[in-house]
There are 2 protein chains.
Amino acid sequence: MYSGVVPKLWNETIEAHRRAVRDATLDTAAALLAEHGLASVTMSRIAKKTGIGRATLYKYFSGVEAILLAWHERQITGHLEYLAEIRDRAGGAGERLEAVLEAYALISYKHHGTELAALVHRGDHIARAQKQLNDFIRDLLTEGAETGALRDDVAPDELASYCLHALTAASSLPSEAAVRRLVTVTLTGLHPRAD
Amino acid sequence: MYSGVVPKLWNETIEAHRRAVRDATLDTAAALLAEHGLASVTMSRIAKKTGIGRATLYKYFSGVEAILLAWHERQITGHLEYLAEIRDRAGGAGERLEAVLEAYALISYKHHGTELAALVHRGDHIARAQKQLNDFIRDLLTEGAETGALRDDVAPDELASYCLHALTAASSLPSEAAVRRLVTVTLTGLHPRAD
DNA sequence: TTTGACATCGACACATTGTCTCGTTAAACT
DNA sequence: AGTTTAACGAGACAATGTGTCGATGTCAAA
């Protein structure tokens with residue numbers, strides 16, 4: 001990915017062009033963030049690296065915060081689509097859960113930087129985005145609860161939060177094998193106590 | 001806490017005065033971060049709110065990043081001391097682990113904003129700080145492993161990482177009772193599988 | 001009292017931000 | 001083809017933050 005220059009001429013319709021510029025902007029911002037840190041994510045640098053004028057950039061986004069926010073939203077949406085695909089592919093309820101949790105852990109494992117932008121922001125946008133993920137996992141858990149493999153002393157909502165946070169540990173693990181072990185451990189926490 | 005003005009004249013020894021200014025600066029930075037977000041944490045505002053000149057502030061810290069870094073380090077150190085105290089108070093190995101994990105979860109539950117600063121930074125300072133916490137928990141786990149209550153299919157180091165991340169879910173929980181349930185669930189993940 | 005060391009603050013030069021205007025250029029319409 | 005519409009880039013602008021010097025004042029020791 002070249003995070004490259006937007007074609008100077010408008011490709012098809014205006015709408016498509018604006019979408020292209022918008023996406024290129026988000027790519028550039030993400031590249032800057034990953035490469036040179038948060039302090040380097042400025043409107044000036046984003047505009048220059050994207051290949052558009054700084055004034056033009058302000059026509060698309062109100063500021064750095066809005067850009068990072070939009071980027072985060074795009075990330076979350078993409079992850080949710082991917083996870084939904086994984087969910088619908090797997091067969092039984094138990095396998096579904098395991099497959100989705102492993103997929104989520106691998107996402108955390110691969111792009112380490114995804115969750116950084118969430119913290120620049122103070123608003124409830126990220127809270128809402130996180131809630132989407134939480135609800136997604138929660139529904140998967142309640143589905144699995146019917147089979148009886150799930151503990152019933154803690155609400156599915158809290159268990160979903162537990163899952164998501166526990167799996168973020170994947171971002172600091174050294175190997176995919178370790179990620180799989182993490183998923184196993186996390187799943188164990190979901191089972192009813194033996195005693 | 002007023003994050004207040006430093007006395008204009010040196011109180012006792014110079015050393016003590018510098019320490020006081022330094023601490024007040026860190027308090028101010030934390031207050032600004034929690035109250036007005038990361039963008040408001042600037043050298044100008046910190047200096048004004050602390051009650052010292054901006055140029056003076058540069059004699060203490062090289063920039064905003066250094067301030068947030070120092071603050072994070074102070075937080076981690078304080079937490080470690082507190083957790084060590086909890087550990088040494090409890091009796092058996094199992095109780096120790098549970099008490100420490102609950103204490104850590106309650107820390108996450110109370111001051112939500114602690115971990116924000118860690119992400120502004122790209123350096124390995126936070127990695128080292130996090131490693132301290134990880135080692136602390138890991139040692140506790142290996143101690144508990146001797147009693148046999150711990151699973152042996154995953155290395156203690158990875159289990160410690162799992163614990164710390166899972167317990168950060170406490171920061172988004174609604175009540176202390178929920179935090180205690182989270183600790184229970186997390187502990188379950190540490191036990192050997194029943195099957 | 002004098003001297004040295006140190007903390008403090010005001011001021012300067014420079015960079016970035018967000019906003020505005022203006023002339024240019026390409027798409028869309030008739 | 002000719003006209004209208006709209007996005008674009010460049011420059012100017014005040015406002016704010018940054019990093020650095022030099023001047024001023026205070027303490028402690030000679």
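Side-chain atoms are counted along with the backbone in the values below, which use heavy atoms only and exclude waters and symmetry mates. Letters A, B, ... mirror the listed sequences (proteins, then strands); counts begin at 1.
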Among [options], the one nearest [X] by side-chain distance:
X: B:Thr42; options: D:dT18, C:dT16, D:dT20; result: D:dT18
X: A:Thr56; options: D:dC8, D:dT18, C:dC9; result: D:dC8
X: A:Tyr60; options: D:dC8, C:dC9, D:dA10; result: D:dC8
X: A:Ala55; options: C:dC20, D:dC8, C:dT8; result: C:dC20

Practice prompt. Could you tell me which non-hydrogen atom of A:Arg45 sits nearest to which non-hydrogen atom of A:His36, and how far apart they are?
Written response: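 That would be NH2-CD2, 3.7 Å.
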What integer distance in Å separates [X]:[atom1] from [N]:[atom2]?
X: A:Glu65; N: C:dG18; atom1: CD; atom2: C1'; value: 14 Å
X: A:Phe61; N: C:dT17; atom1: CZ; atom2: C1'; value: 18 Å
X: B:Ile46; N: D:dG17; atom1: CD1; atom2: P; value: 12 Å
X: B:Met43; N: C:dT8; atom1: CE; atom2: P; value: 13 Å
X: A:Arg19; N: D:dA7; atom1: CZ; atom2: P; value: 15 Å
X: B:Ile52; N: C:dC9; atom1: CD1; atom2: C1'; value: 11 Å

Is the shortest side-chain N/O distance from [X] to OP1 or OP2 of [N] below 4.0 Å?
X: B:Arg18; N: C:dA7; value: yes
X: B:Ser44; N: D:dT18; value: yes
X: B:His17; N: D:dC27; value: no

Worksheet item: Using 4.0 Å as the upper bound for N to carboxylate O, is an ion pair formed by B:Lys131 and B:Asp135?
Response: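 Salt bridge between B:Asp135 and B:Lys131, a charged N being under 4.0 Å from a carboxylate O: yes.
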Worksheet item: More 5' along DNA chain C: B:Lys59 or A:Tyr58, using each one's nearest nucleotide?
Response: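 So the residue in question is B:Lys59.
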Worksheet entry | Of A:Ile137, A:Ile86, A:Leu167, A:Val183, the residue whose pairing with A:Tyr104 passes side-chain contact (heavy atoms from CB on, under 4.5 Å) |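 Running side-chain contact (heavy atoms from CB on, under 4.5 Å) over A:Ile137, A:Ile86, A:Leu167, A:Val183 with A:Tyr104 returns exactly one hit, A:Leu167.
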Discussion item. Does any part of the side chain of A:Ile67, heavy atoms only, come nearer than 4.5 Å to the side chain of A:Leu57, both counted from C-beta?
Written reply: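 The answer is yes, as the side chains (C-beta and beyond) meet within the 4.5 Å cut-off.
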Worksheet item: How many angstroms lie between atom CG of A:Leu187 and atom OG1 of B:Thr188, to the nearest 0.5 angstrom?
Response: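 It comes to 13.0 Å.
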Discussion item. Assuming nearest nucleotide by heavy-atom distance, tell me which of A:Arg54 and A:Leu57 is located more 5' along DNA chain D.
Written reply: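 Here A:Leu57 is the residue nearer the 5' end.
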